[in-house]
Structures are given as structure tokens and as C-alpha cells.
Amino acid sequence: MPSFNVSMILVILSSLSFLSLTSAQVPNYRYHFCSNESTFTPNSTYQFNLNHLLSSLSSNATRESGFYNATAGQTPTAATLYGLFLCRGDLTTDACQDCVATATTEIVQQYCPTGKVAVIWYDECMLRYSNRSFFSTMQEEPSKFLWNVRNIIEQDRFRKLVEATLNDLVPMATNAPSGAKKFAAKEVSFTEFQTLYSLVQCSPDISGSDCNMCLWGAMANLPMCCDGKQGGRVLFPSCNLRYETYPFYQIQSVLTPSPPSPTPTPMLLPPPAPGHLTRPKARSAITTIESLKFDLATIETATHKFSYDKKLGGGGFGEVYKILNFDECVDIEKQRLLDWSKRDKIIEGIARGILYLHEDSQLRVIHRDLKASNILLDEDMNPKISDFGVARIFGVDQTEGNTSTIVGT
Ligand SMILES: *[C@@H]1O[C@H](CO)[C@@H](O)[C@H](O)[C@H]1NC(C)=O
Ligand SMILES: *[C@@H]1O[C@H](CO)[C@@H](O)[C@H](O)[C@H]1NC(C)=O
Ligand SMILES: *[C@@H]1O[C@H](CO)[C@@H](O)[C@H](O)[C@H]1NC(C)=O
Ligand SMILES: *[C@@H]1O[C@H](CO)[C@@H](O)[C@H](O)[C@H]1NC(C)=O
Ligand SMILES: *[C@@H]1O[C@H](CO)[C@@H](O)[C@H](O)[C@H]1NC(C)=O
Ligand SMILES: *[C@@H]1O[C@H](CO)[C@@H](O)[C@H](O)[C@H]1NC(C)=O
């Protein structure tokens, strides 16, 4: 082989490696939102402030945290702007800077020239701004769901693996110490040849419990968008999650730190979402909610001193009595709070939740522990079914199941 060929190859190789070392990585655009109803006039103070905001975001993209929030226009006026960027947790500061530089340019030049409110997502980072302050506020809208078009084999097993993995990742992100990245990623093997790569991340300005709520909200959308697919992601302004069967983050830079915490961090309650099955493994939430307790005298009155003719039968946890005038037993003050229209609304809400679990949700769920203390009420008395601790998942076509343990009420 003539020697000049070899040296030519060497020249090409060395220039390629030179390129890959120095050229900026082009971030992959995914989606943007632009308020077309609230717009600003070109060359206005708003425009001036926006330019200022974007340049200070861009110049702060070298920060180790991969996050920065900024305000333009000091005292709040009609032209004050609030903005932030968040880079994917595994990125180097250089890659983060590249993404933010691209985002701050493209958002105004290409995607949203005059919108007052904008959000743009790339694979590598997210940038948003608004004329309303949104710092430390959890937001799930505008949102975008994306999925890998390839189907997965063994759908059920894959879905369970995704759920279990995300379940593990959520607390890692939410329990991150303040100031640290609210980010976690990990890989687990699915088959001999396929690995599941998953990632969750919150904007670090929101609290741990908001992060938890945001990620659970994101997970609740997975059955709708991404079931049966090899990958999926949910993009919210305040958090995002993604999983694929190929590595889409820099594995070596993802450390899953487990900082020694002197006091155990309390497990956080996921937002009650009927039909959404995944839940933290610890059965902690319900114990913090005061259950209805009656003193013995009340129960004696209600059951006519445990009279035999009031007995309906027995369950796994004791005997069951019929209480005719139950409302007589509840204290009068509390009784007034619940008029019949409210009760009717609560009953209807519970029935709708159960109908959803039995008929409409992707997974058929038999709750097996439906009782008053498992119904949570919000301030508007909207009921939510909680405590799926002993719930069972039925196959869509399954009409019967056997169990050897006694559970429920
Ligand atoms: C704003 O965008 C929405 C959705 O794309 C569109 O339906 C609507 O017509 C737009 N409004 C204006 C004023 O352009
Ligand atoms: C943001 O802009 C919209 C549209 O111009 C306006 O209606 C709204 O009041 C503004 N919000 C704040 C907090 O200034
Ligand atoms: C923009 O504003 C500057 C200074 O306020 C002014 O000199 C310029 O003419 C304006 N340009 C346009 C296109 O309005
Ligand atoms: C970061 O942003 C602030 C304003 O938010 C700005 O004063 C500063 O120049 C920016 N750049 C760096 C490198 O800190
Ligand atoms: C960043 O957000 C925090 C609230 O999370 C706020 O207190 C702070 O002033 C913001 N920083 C800037 C430069 O706007
Ligand atoms: C439940 O048990 C009965 C009696 O042992 C059996 O005939 C039936 O096939 C079982 N059903 C299921 C779904 O396993």
C-alpha cells in the first residue's frame, strides 16, 4: 500500500477528532409553546427586556447546576419578564451552554418572535419565559407527550418494569438536597439484549413535594401516550421524564448519589389519581391521615350493644354491624358541614372513580379496600379514592381471580 494513502487517512482521522472535540453540539429541538394571544410590540420595552433576559440566561449557562432563573426589568411593571432554563442533568456545562445558546436564539428568531409567554424543549434543555412570575411554582401546562414509534415485545412485563423503575427514580429526584439537581436516571435490563434507560428531572426551583406531584402527574399520562411503545416521555414546564431502550443520556456522568441523611426523609404522598396504579412502596401516606375513630360508647349505641340482630356478618378484621341511624352518631357540628347535596356529589364521585377503575382504565383494578377512610376529600368536597395497598390488577378479559389471603373490608 503506498504510504501517502496511510498519511491521508491519518489526516482525515485527526481532523475528524478535532471537529468532534471543538464543534458545538447541535441540540435536538422537540416542541415549543408560544402564546399567540398575549404578544408584544416589536421594539418595545418588552422586547428590550426579553433580549436582556435571554442574554443573561445564556451567559449563566456555564453554571454547574445546569439551571438559572432571571428577571428582566427591576420593579414589576407591565414589561417585567421572568425566565429560566434547565439542562438535562447529565450534560456537561459546555453542552448545556450550547443548548441554551441555541434555545435563546431560535425561540425568538424562529418559533416565537412576538409571544410574551414561551416554552421550548430540546432533548438537552428547556427554556421558558413569561410576563408573569412563575418561579417556585409547579406547572404541568403546557405539556407534550412523545413516544418512540417502535412497539415493544412483552408489553405487560415492560410496562411493569417502567413503572417500577420510575417509582424508584422519583424519590431520588424529589429528595435531592436543596440547591442540588432534582435529577435521577438509571438503567435496568429488560431482556438479554435490551436495556431500559429511564430519567426523571424537576426544575430545582420547585419544592420536593411539588416535584413529587409533578412527576406522578407525568407518570399518570404514560398509559395514554406511550403504552406498548419502546420509549416515551412527558414534558411539563416543571418536570419531565423519559425512558427508552437505548442510552439517551451520558451514563458515565450520571451518578445516583445517595447522600447520607441523618433523619429519614418522609415519603411523599402521590397525588390521588384513580386508575393510576403505581405507588410508593411504603404504605406511609395513609397513616398520616387521621382515620375516623369512634369511642366505645358511640359504637355501643350504634350497634345496640353489639346486638345479634344488628350483625351483618364477619370480615378479615372482625365482625360487621349494621348501623341504622349512623349520622346520629357523628357529631352534630361535622354533620352540618355535609348536607345531602354534598353527600350526593361525593357518592357520585366515588362511583365514577370505581367505574373508571373497573371499566375504563387501561388496567382493570379491583380496589378491595373501599371504605370511608380511603376516600380523601379536597376543600371542594371532591372525593378521591386512595390506598391501593391491597388492590389487584385484573387482565382486561379476566372475570375471575383466586386469592388465598384475606384482605379488605
Ligand atoms: C392561537 O393558536 C391556536 C392554536 O394553535 C389557534 O387555534 C388560534 O387561532 C390562534 N390565535 C390567534 C389569534 O392567532
Ligand atoms: C401579561 O400579558 C398579558 C397580555 O398582554 C396581560 O393580559 C397580563 O395582564 C400580563 N400579566 C402580567 C402579570 O403583567
Ligand atoms: C426602535 O427603537 C429605537 C430606539 O428607541 C429607534 O431609534 C428605532 O427607530 C426603532 N426602530 C423601529 C423599527 O421602530
Ligand atoms: C448572569 O445573570 C445576571 C443577571 O441575572 C447577570 O448580571 C450576569 O452578568 C450573568 N452572567 C454571568 C456570567 O453571571
Ligand atoms: C430565582 O427564583 C427565586 C425563587 O425560586 C427568586 O427568589 C429569585 O429572585 C430568582 N432570581 C432571579 C435572578 O430572578
Ligand atoms: C379459581 O379456583 C377454582 C377452584 O379451585 C378454579 O376452578 C378456577 O379455575 C380458578 N380460577 C382462576 C382464574 O385461577
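As the structure lists them, so they are numbered: ligands from 1, and atoms in each ligand from 1.
No N or O atom of Tyr68 sits closer than 3.5 Å to an N or O atom of ligand 5. Some N or O of Asn131 is nearer than 3.5 Å to an N or O of ligand 2, by distance alone. The shortest N or O to N or O distance between Thr71 and ligand 5 is under 3.5 Å. On a distance-only criterion, Thr39 and ligand 2 share no N/O pair closer than 3.5 Å.
At least one test fails for Arg128 against the ring of Phe85: distance under 6.0 Å to the centre or angle within 45° of the axis.
The environment of Arg150 atom CZ is sparse: at most 12 non-hydrogen atoms of other residues, nucleotides or ligands sit within 6.0 angstrom. The local environment of CZ in Phe48 is sparse, with at most 12 non-hydrogen atoms from other residues, nucleotides or ligands closer than 6.0 Å.
Atom 9 (O) of ligand 2 lies below 4.0 Å from none of the non-hydrogen atoms of the protein.
Checked against the 6.0 Å centroid threshold, Tyr29 and Tyr111 count as a close aromatic pair.
Atom 5 (O) of ligand 2 has Lys116 NZ, 2.8 Å as its closest protein atom, hydrogens excluded (heavy atom only). Among protein heavy atoms, atom 4 (C) of ligand 2 sits closest to Ser38 CB, 3.3 Å.
A salt bridge is defined here as a Lys NZ or Arg NE, NH1 or NH2 lying under 4.0 Å from an Asp or Glu carboxylate O, and Arg159 with Glu163 fails to meet this definition. In this structure, Asp123 pairs ionically with Arg233, as a charged nitrogen and a carboxylate oxygen lie closer than 4.0 Å.
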